[in-house]
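Accompanying notes for the structure given below.
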Amino acid sequence: MCGIVGYLGSKNALAPVIDGLQALEYRGYDSAGVAFIDGGAHLVKRVGRVDALAKAVKAEAKTKPHLAIGHTRWATHGAPTIINAHPHINQDGTIFVVHNGIIENFAEIKTKLEQLGYQFVSDTDTEVIPQLIDYHYKKLKSFDKAFEQALTELRGAYAIAMVTSEEPENLYAARLSSPLVLGVGKGEFILASDPTAIMEHTKKVVYLNDYEMVKITSKNYSIRNIQHSKKVRRVAETLDFDVEQVKLGDYPNFMLKEIYEAPQTIRMATLGRIRPESAIVKLGGLANVELKLGSVERILIVACGTSYYAGLVGEYLIEEIAGIPVEVQLASEFKYRDEPLEPNTAVLAISQSGETADTIAALQKVEGSGMLRLGVVNAVGSTIARMTDAGVYCHAGPEQAVASTKAFIAQVTVLHLLALKLSKGRTKLFKPLLKDLDELPKKAELVLAQAKNIERLAKKYSRFEDFLFIGRRLSYPLSLEGALKLKEIAYIHAEGYAAGEMKHGPLAMIDKQFGTLVIATDGPTLEKTYSNIQEIKARGGLVVAIATKGNRRIAKLADDVIYVPKSLEQTQTLLAVIVLQLFAYYAALKLGKNVDRPRNLAKSVTVE
Ligand code: F6R
């Protein structure tokens, strides 16, 4: 979703801002813009890619400005047009603002300002911000005060960066429920929505918290909490990031690169955390809540999309391994539900980005309830990572393709560890699971080695306009995830279903125009899944199955089979999902879709 970059420093500000916008492209956007201040103020905006903006900026810039802000916009209020693209300006053309999030009371503010003679040109909520700052500046004669005053009047969610031609040496920013991080380099400051836009320049970062504004000068930065009207001292922390991880290398796109990172992802999620020979699971991120964790009687998982499906897999794992009841809720629904909140329930938020607005809102809802708030998060230092009491990082590294792949693998791996940890060693699965997890990266490599076969089948099945994914037990949430992947990158209508539900409705759809992928890996319900395949075949449907190596029967039932190596029922989810990801990937490629940036979607969903 929208991306912000700002630069103030000794170099030409345009290079880090354009590079930064390019680094944020993966978040999804439809237009982009830059404002820079040299002798005067310049505003350049384009609909479409940052490349086009970069060319236009180059043509416009006659000097090397030291101050600039940039933005990639993912339309919420108003169509993706040049007028609606950011930066937005006051009517005098002196104040430039980029904004992520939604200003809920923008209509109210707009009406008030219109009555005072302000004229608006765009359909956006953002345009009220520079106009409101202008209004206060004219009265207060100070940008610090005008910026702060305007912020106190905004309701909703925002990350804002502002520059003004009146103060060519200052960069202002603020955040409320929308991510913003400040990179502190040598003689330079870079502001961005996430660290990917910063790490080429510095690893020292300051994360802004809600209700904080920052004023950056050429020498320093000062943070202020606008809710309590007081100064905040915060020193920069060091980012634990490898720049190479965000580069494509020899891969044609990020999605394939990230799918191929599955073995390393499992390794990184377990590294230093498991000792199979001595049956130990160590999760350092939970150390400070160990005691509280012992009295947890129920776990409520909140998440969205793929992370929600990882949570559904986690439900089976935690209930069956640790014996603790688990409920999984879509964060967007949980927020608006009125249900009893018990202090002995722990809330576990799962999120790759750590910035998903609905998941943040779900955590906010339980604030003050006495409930322990835990996180399984990938993005280090993200909002969710910081607002939870404790948690376990996924360590999957930056995920850039919009469709989540390696993050799901990391989340499910971590959920295995969490289930084992919560079991306090009381499960007979403890040692076998640890051994299995330890051996899993090699097995994941064997799945990837079958990419050619999966590609052939994905091409064959990509002709279907409707597709069903079915599975039982842990394979049921996997089927939901398989369907989501196919929908979002190949735009094929797909549904995930519990295989046992076929007779209760979906079977009516089956004919020879309908493809089904059956997850039929070894497990206690395999015989029942065979029956589902037979029912589909009897109605003329075409079936491709994912099965465990060594299963001879399946080849006689299904039209096509993709085999994964033998492992425990629990860890097979981590192998089968690689097949699902490659299947969707190759189907999308065959249909000529942009696999990294599917239409209408954004990577980090920072608005509700
Ligand atoms: C699907 C996908 C999304 C995300 C969802 C939650 O491939 O990527 O469904 O899983 O938007 O995002 P996070 O995990 O960042 O909270």
Side-chain angles (χ1 to χ4, degrees), residues 1 24 26-28 74 177-179 193-194 196 253-256 258-259 265 301-314 328-335 347-364 374-388 391-394 396-412 414-415 469 477-478 480-492 494 496 577-578 580-585 588 593-608:
M1 217 151 248
L24 296 181
Y26 78 95
R27 295 164 69 92
W74 190 82
S177 308
S178 202
S193 301
D194 75 50
T196 36
N253 50 58
F254 280 104
M255 183 168 179
L256 192 65
E258 286 158 8
I259 296 173
T265 301
I301 296 180
V302 288
C304 304
T306 289
S307 298
Y308 169 73
Y309 297 144
L312 290 176
V313 177
V328 193
Q329 287 203 35
L330 288 163
S332 54
E333 285 298 313
F334 174 69
K335 186 185 164 188
V347 175
L348 172 64
I350 305 178
S351 176
Q352 186 287 124
S353 63
E355 302 294 352
T356 301
D358 287 320
T359 312
I360 292 173
L363 284 171
Q364 278 163 344
L374 304 172
V376 170
V377 174
N378 190 36
V380 177
S382 56
T383 304
I384 295 175
R386 286 179 298 125
M387 72 191 289
T388 40
V392 188
Y393 275 125
C394 292
E399 189 179 64
Q400 304 232 55
V402 164
S404 189
T405 54
K406 64 173 178 171
F408 178 89
I409 289 180
Q411 290 163 344
V412 173
V414 165
L415 288 165
F469 288 76
L478 271 198
L480 299 172
E481 172 59 7
L484 176 63
K485 286 284 96 79
L486 196 65
K487 271 188 275 216
E488 67 180 333
I489 60 160
Y491 317 153
I492 294 174
V577 78
I578 301 173
L580 297 173
Q581 293 168 354
L582 285 172
F583 188 82
Y585 171 81
K593 309 293 186 230
N594 181 339
V595 287
D596 276 354
R597 300 206 187 97
R599 69 182 179 201
N600 308 338
L601 296 181
K603 180 66 181 163
S604 188
V605 186
T606 51
V607 293
E608 273 191 58

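Counting starts at 1 for both ligands and their atoms, following the listed order. Bear in mind that the values here come from a model prediction, so they are computed numbers and not experimental data.
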Query - Protein contact of atom 7 (O) of ligand 1 - nearest heavy atom, named by residue and atom, plus distance - result: Glu488 OE2, 2.5 Å

Query raised in the report: Would a distance-only check, ignoring hydrogens and angles, find a side-chain to backbone donor-acceptor pair under 3.5 Å from Tyr309 to Leu484?
Result: no

Report task. Without swapping roles, check the side chain of Gln411 against the backbone of Cys394 for a donor-acceptor pair under 3.5 Å. Result -> no

**Report entry** Heavy-atom donor-acceptor pair, Asn378 side chain to Tyr393 backbone, under 3.5 Å
**Finding:** no

Requested in this report: Write out the residue and atom name of the closest protein heavy atom to atom 11 (O) of ligand 1, then the distance separating them to 0.1 Å.
Outcome: Val605 CG2, 4.0 Å

**Report entry** 4.0 Å heavy-atom contact, Lys485 with ligand 1
**Finding:** yes

Requested in this report: Look only at interatomic distance and state if Thr359 has a nitrogen or oxygen under 3.5 Å from any nitrogen or oxygen of ligand 1.
Outcome: no

Requested in this report: Indicate yes or no: at least one non-hydrogen side-chain atom of Tyr308 is less than 4.5 angstrom from one of Leu480.
Outcome: no

Requested in this report: Tell me which protein heavy atom sits closest to atom 5 (C) of ligand 1, plus the residue, atom name and distance to 0.1 Å.
Outcome: Cys304 O, 3.6 Å

Report task. Please indicate whether any nitrogen or oxygen in Ser351 is less than 3.5 Å from any nitrogen or oxygen in ligand 1. Result -> yes

Requested in this report: Name the closest protein heavy atom to atom 15 (O) of ligand 1, giving the residue it belongs to and the distance to 0.1 Å.
Outcome: Ser353 OG, 2.6 Å

Query raised in the report: Side chain of Asp596, backbone of Met255: donor and acceptor closer than 3.5 Å?
Result: yes

Query - atom 13 (P) of ligand 1 [closest protein heavy-atom partner, distance rounded to 0.1 Å] - result: Thr356 OG1, 3.2 Å

Query raised in the report: Got a sec, which residues hit side chain to side chain donor-acceptor pair (under 3.5 Å) with Ser178, two or more places apart in sequence or on another chain?
Result: none

Requested in this report: Decide yes or no on side-chain hydrogen bond (donor to acceptor under 3.5 Å, both in side chains) for Glu481 and Thr306, but give the supporting numbers first.
Outcome: CA-CA 6 Å; Glu481 172 59 7; Thr306 289; 2.9 Å; yes

Query raised in the report: Is the shortest distance from a heavy atom of Ile384 to ligand 1 less than 4.0 Å?
Result: no

Query raised in the report: Among all protein non-hydrogen atoms, which one is nearest to atom 10 (O) of ligand 1, and what is the separation to 0.1 Å?
Result: Thr306 N, 3.1 Å

Query raised in the report: Between Asp358 (side chain) and Ala331 (backbone), is there a donor-acceptor pair under 3.5 Å?
Result: no

Query raised in the report: Do ligand 1 and Val402 have nitrogen or oxygen atoms that lie under 3.5 Å from each other?
Result: yes

**Report entry** Atoms of ligand 1 close to Gln352 [distance to a heavy atom under 4.0 angstrom, numbered from 1]
**Finding:** 13 (P), 14 (O), 15 (O), 16 (O)

